[in-house]
Structures are given as C-alpha cells and as structure tokens.
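Only this structure's heavy atoms are used, side chains among them; waters, hydrogens and symmetry mates stay out.
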Amino acid sequence: MKRQKIRKGMLITSLLLFPIIIWYFSPYLIIQAAMEHIVNGSFIVFIIMLVSSLFMGRIFCGYLCPVGGLSECAMLVNDSPLKRDWKYNIKYVIWFLWILSVILSNILGKGDYKINFFYMTDHGISISQIYNYIIYYGIVLLFLIPALLFGKRFACHYFCWMAPFMIIGSKIGRMLHIPQIHIKADSSTCIDSCPKKILHYSIKS
C-alpha cells in the first residue's frame with residue numbers, strides 16, 4: 001500500500017537522522033536546562049507533541065518518531081503481536097517522576113529564564129563528540145532489545161517517556177470534542193486469508 005510505504009519511509013528517514021536530533025527528545029537535558037532556567041529544545045518539542053496531539057492524535061508515533069523507525073527494523077526479526085499487560089506498563093510512573101523532577105529543577109534553579117533551542121548541541125547537531133555515541137547506542141539498545149525479544153514496539157508501549165504527552169493530549173482533545181485524526185481498520189478490503197487489515201486515517205470529532 002502506497003501510504004504504508006510513505007509512512008515507513010518517513011520513519012526510516014527519522015531513524016537515520018537520530019544522531020543529529022536525539023537531544024531534542026532528551027528528558028535529561030530538560031532537567032539540566034531547568035536548573036539554569038533555560039527552556040531548551042526538547043522542552044519545546046514535547047510541548048509541540050502535546051499540543052499537536054489534541055488534533056492529530058498519535059500520528060507522530062506512526063510517521064515521525066525515530067524510535068518508530070527502529071521498531072520497524074526490529075519487526076523484520078520479530079513481528080510477534082505484543083502481549084499487553086498493564087503491570088509492566090511503567091511509562092506513566094517514569095513520566096510522572098520525570099515531570100516532578102523538571103518542576104523541582106525549575107524551583108531550585110537560578111537565573112533569569114531564557115530560551116535556547118540548541119542548548120548543549122554543536123551547531124544544532126546532537127552527537128558531535130565521540131563519547132556521545134555511548135549515550136546514543138544506549139538509547140538505541142533500550143528500545144531495540146525489548147522489541148527483538150518481546151515483539152512489536154514493546155519499549156514504545158511500556159516505557160517510552162514521549163508517549164504520555166500524545167496519549168494525554170489525545171484524551172484532552174476527545175474531551176473537548178476536537179476533530180482528530182484516527183487510525184482504523186477497513187475490514188471491507190480484507191479477505192479470510194489476509195493476515196492484516198488495511199489501515200486508513202479518518203477525522204473524527
């Protein structure tokens with residue numbers, strides 16, 4: 001399907017750009033910047049995720065997330081359906097503790113507030129020094145190994161720190177009856193032997 005090829009192509013492109021853009025998804029840099037009263041790039045990106053999800057749901061995960069591209073690659077090895085179990089879903093605990101840390105860092109921080117989107121980057125590039133690759137490959141393995149062992153997007157569903165922004169934003173959008181983009185299955189395009197239903201996007205208020 002053409003749309004699926006475009007989606008996967010965008011995800012793989014995002015994955016290839018990951019060494020350049022990884023700091024703009026960093027939860028740690030937000031805390032570090034908050035101690036200096038700096039609004040950094042990842043803070044702005046996460047706010048954009050939250051606001052955009054009011055209208056677009058979790059389309060970022062399906063089209064733009066570099067970790068989504070990594071998951072697509074992992075599915076070539078293990079595409080087993082994910083067995084959901086709420087007791088392993090710790091992303092909300094991680095997210096809450098992290099948000100609390102950001103708030104405390106702002107309270108304890110010093111200096112006047114300022115915006116620096118390229119905070120701790122070299123001309124906007126995240127991985128500009130060799131030792132930074134230790135962090136980069138650590139993040140890659142954090143998402144890759146669980147996907148290889150347990151199935152589709154395991155780390156995304158269970159401990160991704162970005163997902164709660166879009167989940168919360170989507171729920172707020174539905175509460176406010178804001179038209180949103182949704183993914184749903186088109187069962188009319190399937191036959192009995194078809195292993196997957198064709199997915200298409202619709203706008204629903």
Check for me, please, whether Ile139 and Ile12 land in the same ILVMFWY cluster - side-chain distances under 4.5 Å, paths through other members count. no
For Gly124 and Tyr24 the tightest heavy-atom approach is O-OH, 2.7 Å
Checklist line | Side-chain (Ser14) to main-chain (Met10) donor-acceptor, under 3.5 angstrom | finding: no
### Task
Mark yes or no for whether Ser80, through its side chain, and Gly151, through its backbone, hold a donor-acceptor pair below 3.5 Å.
no
Looking only at atom types and distance, does a side-chain atom of Ser26 sit under 3.5 Å from a main-chain N or O of Leu29, one as donor and one as acceptor?
yes
Using 30° and 60° as the class limits, which term best fits the ring planes of Phe143 and Trp161: parallel, tilted or perpendicular?
perpendicular
Heavy atoms from other residues, nucleotides or ligands near OH of Tyr92 exceed 12 (cutoff 6.0 Å):
yes
- Any idea how Tyr136 and Tyr133 line up, ring-wise: parallel (<30°), tilted (30 to 60°), or perpendicular (>60°)? perpendicular
Interatomic distance, SG@Cys65 vs CD1@Ile59, rounded to 0.5 Å, equals 13.0 Å
* Honestly curious: do Ile20 and Ile130 fall in one hydrophobic cluster under the side-chain, below-4.5 Å linking rule? -> yes
- request: Examine Ile90 and Phe96 and state if one hydrophobic cluster contains both, with Ile, Leu, Val, Met, Phe, Trp and Tyr joined whenever side-chain heavy atoms are less than 4.5 Å apart.
  value: no
Here the gap from Met75 atom CE to Arg153 atom CZ, rounded to the nearest 0.5 Å, amounts to 7.5 Å
Shortest non-hydrogen pair, Lys91 vs Cys156, comes out as CD-O, 4.3 Å
Tightest non-hydrogen contact, residues Pro164 and Cys160, listed as CD-O, 3.4 Å
One should read off an interatomic distance between Leu54 CG and Arg174 CZ, to the nearest 0.5 angstrom, of 11.0 Å
Report yes or no: does Ser42 contribute a side-chain atom to a donor-acceptor pair with the main-chain N or O of Phe25 at less than 3.5 Å?
no
Review point. Heavy-atom distance under 4.5 Å between the side chains of Asp79 and Lys152, does that happen here?
Key: yes
query: Counting heavy atoms not belonging to Ile115, are there more than 12 under 6.0 Å from its CD1?
result: no
Problem set entry | Test item: His37 side-chain N/O and Asp112 main-chain N/O as donor-acceptor pair under 3.5 Å | no
Cys61 and Leu11 have their tightest heavy-atom pair at O-CD2, 3.9 Å
Hey, do the aromatic rings of Phe154 and Tyr158 have their centres closer than 6.0 Å? yes
*asked:* Given 3.5 Å as the limit, does a donor-acceptor pair link the side chain of Asn78 with the main chain of Ala74, or not?
replied: no
With a 4.5 Å heavy-atom cut-off, do Tyr119 and Gln32 have their side chains touching? yes
- Between Arg7 and Glu72, is the closest basic N to carboxylate O distance under 4.0 Å? yes
Nearest heavy-atom contact between Cys73 and Leu15 is SG-CD2, 4.0 Å
Quiz item: Going through the checks in order, is the ring pair (Phe, Tyr, Trp, His ring centres under 6.0 Å) test met by Trp98 and Phe46?
Solution: CA-CA 13 Å; Trp98 168 54; Phe46 290 149; 5.4 Å; yes
Q. Would Trp23 and Phe117 count as a close aromatic pair, with their ring centres under 6.0 Å?
A. no
Distance col, row Lys171:NZ vs Leu176:CG, nearest 0.5 angstrom, shows 14.5 Å
dist Ile125:CD1 -> His123:NE2 (nearest 0.5 Å) comes out at 8.5 Å
- request: Carefully, step by step, assess Leu70 and Leu144 under the rule side chain to side chain contact (heavy atoms under 4.5 Å, CB included).
  value: CA-CA 7 Å; Leu70 187 66; Leu144 179 61; 4.1 Å; yes
Q) Hey, any chance Tyr113 and Val102 share a hydrophobic cluster, counting ILVMFWY side chains that come within less than 4.5 Å of each other, even indirectly? A) no
So CG of Asn132 and OG1 of Thr121: to nearest 0.5 Å the spacing works out to 11.0 Å
When every non-hydrogen atom of Ala163 is compared with those of Arg58, the smallest separation belongs to CB-NH2, 3.7 Å
Legend entry - Phe165 reachable from Ile167 in the ILVMFWY side-chain graph, under 4.5 Å edges: no
